[in-house]
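To keep things clear, I will list the structure first and then write my remarks on it.
Since we're looking at a predicted model, the values are computed, not measured.
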Amino acid sequence: VNLSAAGMVGVLVTALFTLRAGEREFDVALDAASISAAIFTVAAAATGFLTFVDAFNPALDAGPEFGSQLGRFLVETEVGRTWLITTVAGAALTVLTFAVRSWTATLFVAILAIAPLVPMGTQGHSGEEAFHHEAMTALILHIIAAAVWLGGLMLMILIRPLLDRDRMTSALERYSSIALAAFLVV
C-alpha cells in the first residue's frame, strides 16, 4: 500500500512542480500515477480483507454469514472503516488520474490523492496514549512527506530516458527542493 501511495501522491506532486503539462514526460507521470492509484486500490482492499481475516478468523466461504461478518467489520469497526474509506478513495483517484491531463486538474487530483493517506495515519497510535493527537499528526505528516519523496524519486527515474541532459538537470534541481522539504518533515 505504501509504495503505491508514494507512486500516486509523490509522482503527482513532483510532476506539478517539475514538469510542464502537455509534454510527453508529464503524460508519463500521469500514467504512472494512474497505475499506482490502481495498485493502491487493490492493495488497500487486500489489506482490509486480510485485516478482517486476522481479526475475526472467519470460516472462508461464499455463504451469507461470511458476507455479513465482512460487512459488519467494514462498517462497524474503526479499522474496517479506515480500510473501506482508503479503498473507495483509491478507486475514485484511479478514475481521476486516468481522466485528467491539464495542470490545474492534476493539482486538484494531487490534493485529493493526499486524503487517503490520512486514514492510514490514524491507525498508528492508540487513542488512550498521552499526546495521541500529536503522535497521529506526526505520523500523517511522515506518511505524506515520505510518499512525496519516494514518488518523486520514482518519477525522476521514469522520465530520465525522455529528457535531454539540460531538462533532466532542471527537473532534478526542482525535485531536490521537494526532497529536502520532505526529508525535513520526515
Inset, instruction - Indicate yes or no: at least one non-hydrogen side-chain atom of Thr106 is less than 4.5 angstrom from one of Phe26. - result: yes
Legend entry - Non-hydrogen side-chain atoms of Leu3 and Met154 separated by less than 4.5 Å: no
Legend entry - Heavy-atom pair with the smallest gap, counting every atom of Ser177 and Phe17: OG-CE2, 3.3 Å
Inset, instruction - Determine, stepwise, if the pair Glu23 / Arg20 fulfils salt bridge (charged side-chain N to carboxylate O under 4.0 Å, His left out). - result: CA-CA 6 Å; Glu23 295 188 359; Arg20 281 183 260 158; 3.3 Å; yes
Inset, instruction - Specify the closest pair of heavy atoms between Thr86 and Pro116, including all atoms of both residues, with the distance to one decimal. - result: OG1-O, 3.9 Å
Inset, instruction - Look up atom CG in Leu19 and atom CG in Asp27, then write down how far apart they are to the nearest 0.5 Å. - result: 10.0 Å
Inset, instruction - Could you please spell out the steps behind the side-chain contact (heavy atoms from CB on, under 4.5 Å) verdict for Phe52 and Thr77? - result: CA-CA 10 Å; Phe52 162 69; Thr77 66; over 6 Å; no
Inset, instruction - Would you confirm whether Ser170, through its side chain, and Asp166, through its main-chain N or O, come within 3.5 Å as a donor-acceptor pair? - result: no
Inset, instruction - Work out which heavy atom in Val11 is nearest to a heavy atom in Gly151; give both atom names and the distance. - result: CG2-O, 3.4 Å
Legend entry - Residue pair Thr18, Glu25: steps toward the side-chain contact (heavy atoms from CB on, under 4.5 Å) verdict: CA-CA 10 Å; Thr18 62; Glu25 58 272 10; over 6 Å; no
Inset, instruction - Give every residue pair that meets the ring pair (Phe, Tyr, Trp, His ring centres under 6.0 Å) criterion with at least one member in residues 83-117, sequence neighbours excluded. - result: none
Legend entry - 4.5 Å side-chain heavy-atom contact, Ile114 and Val148: no
Legend entry - Closest contact, heavy atoms only, Arg101 versus Ala21: O-CB, 4.3 Å
Legend entry - Heavy-atom side-chain contact between Val186 and Trp149 under 4.5 Å: no
Inset, instruction - Mind listing the closest non-hydrogen atom pair of Ser36 and Met8 along with its distance? - result: CB-N, 3.4 Å
Inset, instruction - Ignoring hydrogens and angles, tell me if any N or O in the side chain of Thr41 forms a donor-acceptor pair with the backbone of Ala91 under 3.5 Å. - result: yes
Legend entry - Thr94 backbone acceptor or donor facing Thr97 side chain under 3.5 Å: yes
Legend entry - side chain to side chain donor-acceptor pair (under 3.5 Å) pairs, two or more places apart, involving residues 47-68: none
Inset, instruction - Let me see the working for Val28 and Leu155 under side-chain contact (heavy atoms from CB on, under 4.5 Å), right down to the final yes or no. - result: CA-CA 9 Å; Val28 166; Leu155 178 62; 5.7 Å; no
Legend entry - Test item: Arg81 side-chain N/O and Leu74 main-chain N/O as donor-acceptor pair under 3.5 Å: no
Legend entry - Phe56 ring center near Phe73 ring center (under 6.0 Å): yes
Inset, instruction - Quick one: pull up OG1 in Thr14 and CG in Leu158 and give me the separation to the nearest 0.5 Å. - result: 11.0 Å
Legend entry - Gly90 to Phe40 - nearest heavy-atom pair and separation: CA-CD2, 3.8 Å
